[in-house]
Amino acid sequence: MKNSKSQKPKQGKKAASNISKTPSVKIHAKIPAEGRVKSLGWLLDVLIFLILFIGPQVFLTKHYDFANLPQLAFIHILSTLMLAFVLFYFGRLTWSLYYIPIFGFLIWALISISWGHNNYEGISTINLWLGPVTLFFALANSPADSNRITRILDFIFASAVVSAIIGCLQYLTKFPFVPQVVEPAATFANKNMAAHIMVLSIPLGIGLLFSTKSNWKSFFYAIGTALLLAFLYYTKTKAAWLAFLVEAVLFGFALLILRQKFPWSMAKQISSLLAILVLGLLLNLSPYGWSPAFKEISSKVQLVKGAVEGEEEKEEAAYGSVGLRFAIWRNTLEMIKDRPILGFGLGNHKVFYPIYHRKAVVEKVFSEEAQLHNVHNDYLQLFSETGAIGFLFLCFLFILWTLSTIRLAKATKHEHSALYPVSIYIAIIGIMVNAFFCFPSFRAVPPTIVMAFTAVLFLLEQKHGISTIKFIQLSKTKRIASALVFFVLAGFLSVYYSNLLTSDRYYLMLSSFEKKRNWTGIIDIAKKELELEPHRAKIRSYLGRAYIESGKCKEGAEELKKVIAYYPYHMNALLNLGVAYSCTGEYEKAIESYKKVLEIKPDYAKVHNNIGHVYLKLGQTEKGLEAFKEAEKYSPSDPSIILNIGTFYLNSGDVDNALQYLQKAISLDPRSAIAYKQLASVYLRKNQKEKAKEALEKALSLDPNLPGANRVKEVLELIKKDMIVEESNATN
């Protein structure tokens, strides 16, 4: 290990000790090739600018994941190139205590994949963090240059301001140039994701405003922060509002504790006043004109209160409701209780959650259409996946953030304001609060900003001699070799992400084709996508269903079995596999598959209904009726279930019960031609020909091409001629 400063040796052991523990305050004094640092240092700044300023603004149209995936690709590839440049150009490896929790957690998370059921999900998850960690490592091994530290923070803040401008335009004017899923989202697809960036950047803007001595920067920081606050308000994201409230309180305490005088020039006074006016104006504007802010805030407070108190309509509204999140969290705690030390393996919460979705509290939204992908609480999700060991690494990282901030805040005799580290720390606290209710850790940009903040804290410690810094100076051969490795890796990543983005574009087409029921198109596209992403189970799920809908049930079953191999509790795949087996005449296997669905969701009426049909095909009529009745218990207003029971009674000769159920089916679905047709059979068996005639005419008017339409027309003619209709085959 080499120290950060070359010294002439002195006599005795004391001199040797000094050489190995020289404070890092003079770390740049004798670094080899300092001339190169000055000549090409700008290239490092360009890469930082691209990653931190441009990276969050990247998006692609005509893709399913049009925001997060392109941002991840951009950040990961450029961070790898930056590390290659840093290792080659500066040629040193600096030791940091931050390496222990960061790389320790990554290594442990990687190890946890080995006992996770689904390795693909674990690898996909860890890939989210490799770009941000690579960025941290590259910055940590670059010189602790004061101007560069400020530029890093400026780039983060400026990018957030651009996002805020786009978001405000989206909210106020329906800005059409950036795609969105839940607006206003800036370039992050969803407003909740955009709110993460605001939470990370608002404390930074305030800290920079207090610290700067530049007049023009005072205006930039003040008005920029006002825009961030306005956009945060426009997102109407309760978790982000709470995070900002915590940040505001912490900032107030920090100012009281520091008792540091900050330059407050005339420019700052004017810019602050202007920022207040801009913020006041924006808070009271809406897409419909003037709209006082206090009304919106009051309604949000009532919404939270209602969800917490368990109002049914609030609790069942969406995954975003507070009440539903509590249910998800309580069920996840049951997962943690089962595997508290090792966890289920990185990325495997979603694999096992279906069998836990009603373990502590019945999660009411869980269904064929809506299944959980994220816990909306990063702490519970990471604990359930990586266990207590992984969680301890993250706790250690938080302790280091805290210690760095305290040490830097106490060191007042340096060129950077104490609010640099304090604002960074408060921003990290803010996103940690947000992470209690959302999943910023599983997106591309928030971890990138957090890792950049961590690098800044480390660089500030280097720059101002807060802690002893040691580094290894690489030889020319090692510099070239290490740089070449990461340069080649960047090339591989480019190919890898190119395939992912192409696959993602195909995936959007799959979603579109499913809505249009274009099963042939799904089969063609899914095959192409599987060549690029063979382990993406959702593709095989689409393909399996498309085969079934196309009449190729054996092929569908084979694809669905592959899905279940990766996701043994994938309810939709198990359901469709039951349909496929029923289609091929493998009725026992169909029932077995359906029963696995019921182990996950016992109140799934559709599956009970399907089981009833299979039992009838097996000739087990009593079990069939029992299954239909079970379906009715869980979904008494489903007209198809009521129709099935009515048809069962009709075929069994119980015309009175058949009449009761068929009339109920029609009351639930007045446009059901089949129900009217079956009802006509009941009337004929009761010798009520006029009512039968009316029912048949109604059936044909609703659907002239209904199954058995020709027989219906024959029966109508017979009734009109007052001829006898054979009761056993009245309309079939």
Side-chain angles (χ1 to χ4, degrees), residues 575 578-579 582-583 585 587-588 590-591 594-595 597-598 602-703 705-716 718-719 723-732:
L575 171 60
V579 173
S582 182
C583 170
Y587 299 127
E588 295 295 342
I591 290 174
Y594 286 141
K595 285 185 175 179
V597 177
L598 293 179
D603 58 353
Y604 200 172
K606 179 178 179 178
V607 176
H608 288 290
N609 188 57
N610 287 4
I611 289 175
H613 282 296
V614 176
Y615 276 132
L616 292 183
K617 290 177 181 178
L618 287 170
Q620 301 179 30
T621 55
E622 291 301 319
K623 286 187 175 181
L625 178 60
E626 183 181 337
F628 287 142
K629 288 286 189 176
E630 197 73 8
E632 181 190 13
K633 180 174 75 174
Y634 293 119
S635 186
S637 299
D638 187 327
S640 64
I641 293 172
I642 303 303
L643 174 61
N644 286 335
I645 298 175
T647 302
F648 175 87
Y649 281 129
L650 173 63
N651 295 334
S652 301
D654 187 346
V655 292
D656 291 331
N657 274 323
L659 178 63
Q660 175 188 343
Y661 273 92
L662 291 170
Q663 286 177 333
K664 183 178 179 182
I666 290 171
S667 68
L668 293 170
D669 182 9
R671 300 194 59 79
S672 174
I674 298 294
Y676 277 105
K677 173 188 165 186
Q678 303 293 60
L679 182 62
S681 293
V682 172
Y683 285 137
L684 286 172
R685 293 189 185 190
K686 285 177 157 294
N687 200 30
Q688 298 177 5
K689 292 184 179 181
E690 189 60 34
K691 287 185 177 181
K693 174 175 170 292
E694 292 175 2
L696 291 174
E697 289 174 343
K698 184 67 173 179
L700 286 173
S701 68
L702 290 170
D703 184 3
N705 300 312
L706 83 163
N710 291 333
R711 176 59 181 164
V712 170
K713 293 174 184 177
E714 291 175 7
V715 171
L716 267 175
L718 291 173
I719 293 174
M723 297 178 67
I724 298 174
V725 181
E726 187 179 346
E727 290 184 3
S728 62
N729 192 25
T731 59
N732 298 313

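- Atom CG in N610 sits 6.0 Å away from atom CG in L575 (nearest 0.5 Å).
- Between Y649 atom OH and L662 atom CG the span is 11.5 Å, to the nearest 0.5 Å.
- Contact of the E630 side chain with the E626 side chain is not registered, since no non-hydrogen atoms from C-beta on lie closer than 4.5 Å.
- Counted within 6.0 Å of NZ on K629, heavy atoms from surrounding residues, nucleotides or ligands total more than 12; the atom is thus considered enclosed.
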key: Stepwise side chain to side chain contact (heavy atoms under 4.5 Å, CB included) check, E588 with V614   = CA-CA 8 Å; E588 295 295 342; V614 176; over 6 Å; no
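- At a threshold of 4.5 Å between non-hydrogen side-chain atoms, the residues K664 and Q660 do not count as touching.
- In terms of modelled atom types and a separation under 3.5 Å, the side chain of S582 and the main chain of G578 share no donor-acceptor contact.
- Partners of K691 under the side-chain contact (heavy atoms from CB on, under 4.5 Å) rule, at least two apart in sequence or in another chain, are Y683, Q688.
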query = Where do D654 and S652 land on the side-chain hydrogen bond (donor to acceptor under 3.5 Å, both in side chains) test, with the steps shown first?
reply = CA-CA 6 Å; D654 187 346; S652 301; over 6 Å; no
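- Once rounded to the nearest 0.5 Å, the distance linking OG of S640 with CD1 of I645 reads 10.0 Å.
- In this structure, the ring of Y604 has its center no less than 6.0 angstrom from the ring center of Y634.
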request  = Go through L668 and S637 one step at a time and tell me if the side chain to side chain contact (heavy atoms under 4.5 Å, CB included) criterion holds.
outcome  = CA-CA 7 Å; L668 293 170; S637 299; 4.3 Å; yes
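- Listed by chain and number, the residues in a side-chain contact (heavy atoms from CB on, under 4.5 Å) with Q620 are Y615, L618, K623 (sequence neighbours excluded).
- L625 has its side chain out of reach of L616: every pair of non-hydrogen atoms, C-beta onward, lies at least 4.5 Å apart.
- With rounding to the nearest 0.5 angstrom, the OG atom of S635 is 11.5 Å from the NZ atom of K606.
- In terms of heavy atoms, A665 sits closest to I642 at N-CG2, 3.7 Å.
- Side-chain contact between I719 and L684 is present, with at least one heavy-atom pair separated by less than 4.5 Å.
- Looking at Y661 and Q678, their side chains never bring a donor and an acceptor atom within 3.5 Å of each other.
- Under the side-chain contact (heavy atoms from CB on, under 4.5 Å) criterion, N609 pairs with H613, F628, A631, I641, N644, not counting sequence neighbours.
- Between R671 and D703 no salt bridge is recorded (no basic side-chain N to carboxylate O distance below 4.0 Å).
- Partner of Y676 under the side-chain contact (heavy atoms from CB on, under 4.5 Å) criterion, out of L700, V712, L702, L706: L702 alone.
- The shortest side-chain heavy-atom distance between I674 and P707 falls under the 4.5 Å cut-off.
- When side chains are defined from C-beta on, K689 counts as touching N687, because their heavy atoms get closer than 4.5 Å.
- A distance of 11.0 Å separates NE2 in H608 from NZ in K595, rounded to the nearest 0.5 Å.
- Under a 3.5 Å cut-off, the side chain of K693 and the backbone N or O of A680 do not form any donor-acceptor pair.
- To the nearest 0.5 Å, the span separating CG on L679 from OG1 on T647 amounts to 10.5 Å.
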